[in-house]
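Here the structure comes first, spelled out in structure tokens, and everything after it is commentary.
The sequence lines fix the lettering, A, B, ..., with proteins before strands; numbering per chain opens at 1. The structure displayed is predicted, hence computed values, not measured ones. Hydrogens, waters and symmetry mates are skipped; everything else that's a heavy atom, side chains included, is used.
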Protein chains: 2
Amino acid sequence: MRPERKPAGEGLLVLEHFLPYRLSVLSNTVSGRIAKCYERQFQLTIPEWRVMAVLGRFPGLTAAEVTERTAMDKVQVSRAVARLKKTARIEQRAVEGDRRARHLFLTAAGHEVYSEIVPLAREYERRVTQDLSAVERAQLERLLDKLTAAAMKL
Amino acid sequence: MRPERKPAGEGLLVLEHFLPYRLSVLSNTVSGRIAKCYERQFQLTIPEWRVMAVLGRFPGLTAAEVTERTAMDKVQVSRAVARLKKTARIEQRAVEGDRRARHLFLTAAGHEVYSEIVPLAREYERRVTQDLSAVERAQLERLLDKLTAAAMKL
DNA sequence: TGATAATAGTTGCAATTGATACTATGTTGC
DNA sequence: GCAACATAGTATCAATTGCAACTATTATCA
């Protein structure tokens with residue numbers, strides 16, 4: 001009775017082909033690299049940058065809406081917002097008809113930081129994907145859509 | 001007038017098409033779901049499960065080799081190993097000719113847990129990818145390879 | 001109305017993490 | 001054989017996180 005009859009057999013998990021594992025390695029590598037960049041240059045943590053990024057694209061969201069859009073949790077957003085307020089990268093304005101929530105906006109200083117980081121981020125993305133053909137890029141986009149949708153559903 | 005005339009304009013980052021962001025959302029969603037599963041059922045953290053998974057596939061690795069294979073850092077591995085030892089899921093044996101390192105193995109109890117988790121992990125992966133055709137699966141594999149290689153190089 | 005529940009956001013505390021430094025052992029080159 | 005350096009793994013301490021509880025406000029509905 002051989003113990004290791006089949007390498008990808010029933011009871012074995014081949015980690016290097018296991019999707020969640022591969023995604024995690026890739027995502028950590030990719031995000032980690034850019035993070036180093038804006039951490040050093042702007043003293044921004046990943047959650048802070050994420051909040052800024054989404055506010056740059058959708059000014060005036062509330063913290064709850066930021067939470068939805070970023071798949072961060074609300075405590076994480078709350079703390080990122082607090083730090084960003086303290087460093088004057090964002091500001092808050094009242095929400096008409098709801099005194100619990102506040103609209104969030106990048107300040108002028110926030111915009112400045114944002115517009116410095118965006119090209120860096122773009123450039124980094126470009127480098128990571130530079131070996132992909134146009135076709136492969138389209139495939140990637142499509143696959144990410146499908147996988148994300150499927151993962152959300154479970 | 002279309003609202004999104006220049007969707008990828010110079011100064012704007014369209015988060016929902018930005019690769020690092022999409023990878024992060026997908027990876028967190030995917031890993032998070034399975035993690036919940038073995039956290040509840042077996043009191044295993046993500047790093048612990050990762051160490052077990054790699055030891056299930058490659059019995060006898062040292063902590064340093066686990067570190068290499070998992071893209072975790074060595075402190076993380078050290079702590080996961082400490083916990084797994086305490087919960088008797090793994091055991092250590094001397095390395096011939098090097099008294100610093102020790103070979104790591106799943107115990108019988110560890111194997112039991114492992115062989116219960118593997119089918120769950122498999123099933124979960126199957127569900128996430130069930131909407132993909134065979135061709136798409138191959139594309140995915142290929143794209144992950146390319147992206148991971150590119151990210152590592154930077 | 002008023003009681004109950006839901007939502008926005010914050011805070012406190014315990015657990016986890018990350019960076020750094022440390023011990024012990026091994027290797028290299030002179 | 002012995003400095004100087006490298007490696008395996010652990011410990012320490014501050015910073016970050018995650019969970020649950022909390023305040024304040026708004027919504028529901030009998």
### Query
For DNA chain D, which nucleotides open and close the run of contacts to chain A, 5' to 3', at under 4.0 angstrom from a non-hydrogen atom?
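So the contact region on DNA chain D extends D/dT17 to D/dT26.
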
Under the salt bridge (charged side-chain N to carboxylate O under 4.0 Å, His left out) test, residues paired with [X] that sit two or more places apart:
X	result
A/R137	none
B/R99	none
B/D145	A/R22

### Query
Which ones in residues 80-91 of chain B lie close to DNA chain C, meaning a heavy atom under 4.0 Å from one of its atoms?
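Residues of residues 80-91 of chain B under 4.0 Å from DNA chain C: none.
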
### Message
Less than 4.0 angstrom from a charged side-chain N to a carboxylate O is my criterion; do A/R122 and A/E125 meet it?
### Response
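Result for this pair is no, no salt bridge flagged.
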
#### Entry: Ionic contact status for B/R69 with B/E65, cut-off 4.0 Å
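Salt bridge: no.
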
### Task
Return the angle between end axes of the helix from C/dT1-D/dA30 to C/dC30-D/dG1, with five pairs used per end and rounding to 10°.
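Taking the rotation axis at each end, their angle is 30°.
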
#### Entry: Nearest-Å distance for atom pair CD/C1', residues A/Q76 and C/dT10
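Those two atoms, CD and C1', are 15 Å apart.
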
### Query
In whole angstroms, how far is the C1' atom of C/dG9 from the CD atom of A/Q92?
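From A/Q92 CD to C/dG9 C1': 10 Å.
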
### Message
Applying a 4.0 Å non-hydrogen cut-off, can you work out what B/T45 is touching in the nucleic acid: base, sugar-phosphate, or nothing?
### Response
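Result for B/T45 = nothing.
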
### Counterpart residues, side-chain contact (heavy atoms from CB on, under 4.5 Å), relative to B/Q76 (two or more places apart)
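side-chain contact (heavy atoms from CB on, under 4.5 Å) check on B/Q76 returns B/P47, B/M72, B/D73.
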
Atom pairs, N/O to N/O, protein against nucleotides 11-13 of chain C, distance under 3.5 Å?
unit_1	atom_1	unit_2	atom_2	d
C/dG12	O6	A/R79	NH1	3.4

### Distance, nearest 0.5 Å, that separates CE of A/M52 from OH of A/Y114
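It is 9.0 Å, given to the nearest 0.5 Å.
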
#### Entry: Atom CD of A/Q130: over 12 foreign heavy atoms under 6.0 Å
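Above 12, so yes.
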
### Task
Give a yes or no on whether the backbone of A/A88 and the side-chain of A/T107 come within a donor-acceptor separation of less than 3.5 Å.
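Flag set: sc A/T107 to bb A/A88 pair under 3.5 Å.
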
Give every donor-acceptor pair under 3.5 Å between a side-chain atom in residues 147-154 of chain B and any protein atom, sequence neighbours left out.
unit_1	atom_1	unit_2	atom_2	d
B/T148	OG1	B/L144	O	2.7

### Query
Can you pull the salt bridge (Lys or Arg N to Asp or Glu O under 4.0 Å) pairs that have at least one residue in residues 33-52 of chain B, sequence neighbours excluded?
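Applying salt bridge (Lys or Arg N to Asp or Glu O under 4.0 Å) to every pair that reaches into residues 33-52 of chain B, excluding sequence neighbours, yields B/E48-B/R83.
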
### Contact nearer the 5' end of DNA chain D, comparing A/D98 with B/H103
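The answer here is B/H103.
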
### Query
Which residue, A/G97 or A/P47, contacts DNA chain D at a nucleotide closer to its 5' end, judged by nearest heavy atom?
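Looking at the nearest nucleotide for each, A/P47 comes out on the 5' side.
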
### Message
Please enumerate all residues that pass side chain to side chain donor-acceptor pair (under 3.5 Å) together with A/K74, with sequence neighbours excluded.
### Response
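Counting only residues at least two positions away or on another chain, A/K74 forms no side chain to side chain donor-acceptor pair (under 3.5 Å).
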
### Query
Which residues satisfy the ring-ring contact (aromatic ring centres under 6.0 Å, His included) test with A/F18, sequence neighbours excluded?
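ring-ring contact (aromatic ring centres under 6.0 Å, His included) check on A/F18 returns nothing, list empty.
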
### Task
Name the residue closer to the 5' end of DNA chain C, choosing between B/K74 and B/R100 according to the nucleotide with the nearest heavy atom.
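Per heavy-atom nearest nucleotide, the more 5' residue is B/K74.
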
